[in-house]
Amino acid sequence: MDITWIMTIFVIGFVGSYVSGMLGIGGSIIKYPMLLYIPPLLGFTAFTAHEVSGISAVQVFFASIAGVWAYRKGGYLNKSLIVYMGAAILVGSFVGSYGSRFLSETDVNVVYGILALIAAVMMFIPKKHIDDKPMHEVSFNKGLASILAFIVGIGSGIVGAAGGFLLVPIMLVVLGIPTRMTIATSLAITFISSIGGTIGKLMTGQVDYYPAAIMIVASLIAAPLGAKAGKNMNTKVLQGILAVLILATAVKIWMDIL
């Protein structure tokens with residue numbers, strides 16, 4: 001537990017949370033593989049997949065709060081989407097996180113790999129004219145949104161990811177929500193999801209509190225900075241960055257599994 005180890009965990013949390021605020025995801029799409037691979041690469045004891053998912057779940061809770069706070073003004077938060085998808089993903093994430101105790105390390109990584117692969121494919125599907133809609137005219141299929149959010153909740157609860165990296169492509173591709181509204185609203189839904197995921201991980205003893213505390217501090221600093229950067233970036237650039245990050249993570253996870 002020396003200063004190098006502390007700084008390593010802090011930097012992982014900072015980078016993941018900055019991306020979280022900028023792209024509207026919980027950040028675990030970045031932090032999960034970084035926590036899994038970087039510490040042992042630097043000579044530190046490796047975290048298990050269960051420990052990584054537990055640390056990620058707690059950290060996402062704080063990163064998403066900080067991100068939503070940064071987006072609270074500007075009309076980007078869709079309250080109806082937050083209510084329908086938030087309620088469904090909360091239940092799903094609790095079920096998934098509690099049930100993850102019965103899965104092996106390989107099973108957790110396989111679930112993560114499947115989620116990342118689906119998200120990567122969806123991000124490369126063309127999204128036509130979604131950013132041409134005025135914010136006050138945005139509508140969506142409430143039943144479909146709720147069902148998809150519940151399914152995402154179960155999968156993301158297992159890996160402690162809160163599901164933001166899957167919510168964003170679903171909202172963009174399936175529900176047709178404009179990019180900036182998707183980013184802001186996804187952070188709010190991710191926060192709700194992280195409540196169920198965090199409770200499930202804590203109840204089953206999957207959280208390593210010391211590294212989790214370090215990453216929480218990093219989250220509270222980095223997520224608002226990322227949100228500020230995201231507001232000023234071109235929406236196509238934001239979509240492209242997220243697509244590349246998800247694809248790279250999916251490839252790395254599946255290379256290790258196979």
Side-chain angles (χ1 to χ4, degrees), residues 19-30 32 60 63-64 67-68 71 76-97 111-133 135 138-197 230 235-236 238-247 249-250:
V19 173
S20 167
M22 184 169 67
L23 301 176
I25 57 178
S28 287
I29 190 71
I30 309 298
Y32 188 94
V60 164
S64 53
V68 171
Y71 275 108
Y76 296 126
L77 292 169
N78 187 310
K79 294 181 177 62
S80 182
L81 257 178
I82 293 170
V83 169
Y84 281 93
M85 296 190 79
I89 204 169
L90 177 61
V91 177
S93 65
F94 177 75
V95 171
S97 63
V111 171
Y112 186 84
I114 291 172
L115 293 178
L117 186 60
I118 293 171
V121 171
M122 292 181 69
M123 283 305 299
F124 285 98
I125 296 174
K127 293 163 273 294
K128 299 179 180 179
H129 309 301
I130 60 171
D131 291 317
D132 297 337
K133 297 178 184 176
M135 296 296 176
V138 173
S139 61
F140 63 97
N141 185 316
K142 296 179 176 61
L144 179 62
S146 299
I147 292 170
L148 291 174
F150 178 73
I151 295 171
V152 169
I154 293 176
S156 60
I158 290 173
V159 300
F165 68 94
L166 252 180
L167 284 173
V168 169
I170 284 174
M171 291 166 72
L172 290 172
V173 178
V174 181
L175 302 178
I177 308 299
T179 304
R180 295 201 192 283
M181 179 175 282
T182 290
I183 290 172
T185 304
S186 173
L187 279 169
I189 298 169
T190 296
F191 163 65
I192 296 171
S193 170
S194 69
I195 297 172
T235 55
K236 295 296 182 184
L238 290 170
Q239 292 177 18
I241 292 172
L242 181 58
V244 171
L245 288 175
I246 292 174
L247 179 61
T249 301

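When reading the values below, keep in mind they use all heavy atoms of this one structure, side chains included, and skip hydrogens, waters and symmetry mates. Since we're looking at a predicted model, the values are computed, not measured.
- In this structure, the separation between NZ on K142 and CG on L175 is 11.0 Å, given to the nearest 0.5 Å.
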Pairs under 3.5 angstrom only: tabulate donor-acceptor contacts from the side chains of residues 81-94 to other protein residues two or more places apart or in another chain.
from	atom 1	to	atom 2	distance (Å)
S93	OG	I89	O	3.0
S93	OG	L90	O	3.0
S93	OG	S193	O	2.9

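- Here I170 contributes atom CD1 and I177 contributes atom CD1; the two are 12.0 Å apart, rounded to the nearest 0.5 Å.
- Of all heavy-atom pairs between L77 and A184, the closest is CD2-O, 3.3 Å.
- L172 CG to I183 CD1: the interatomic distance, rounded to the nearest 0.5 Å, is 8.0 Å.
- Atoms CG and OG, on N78 and S186 in that order, are 12.0 Å from each other to the nearest 0.5 Å.
- Atom CG in L187 sits 11.5 Å away from atom CD1 in I192 (nearest 0.5 Å).
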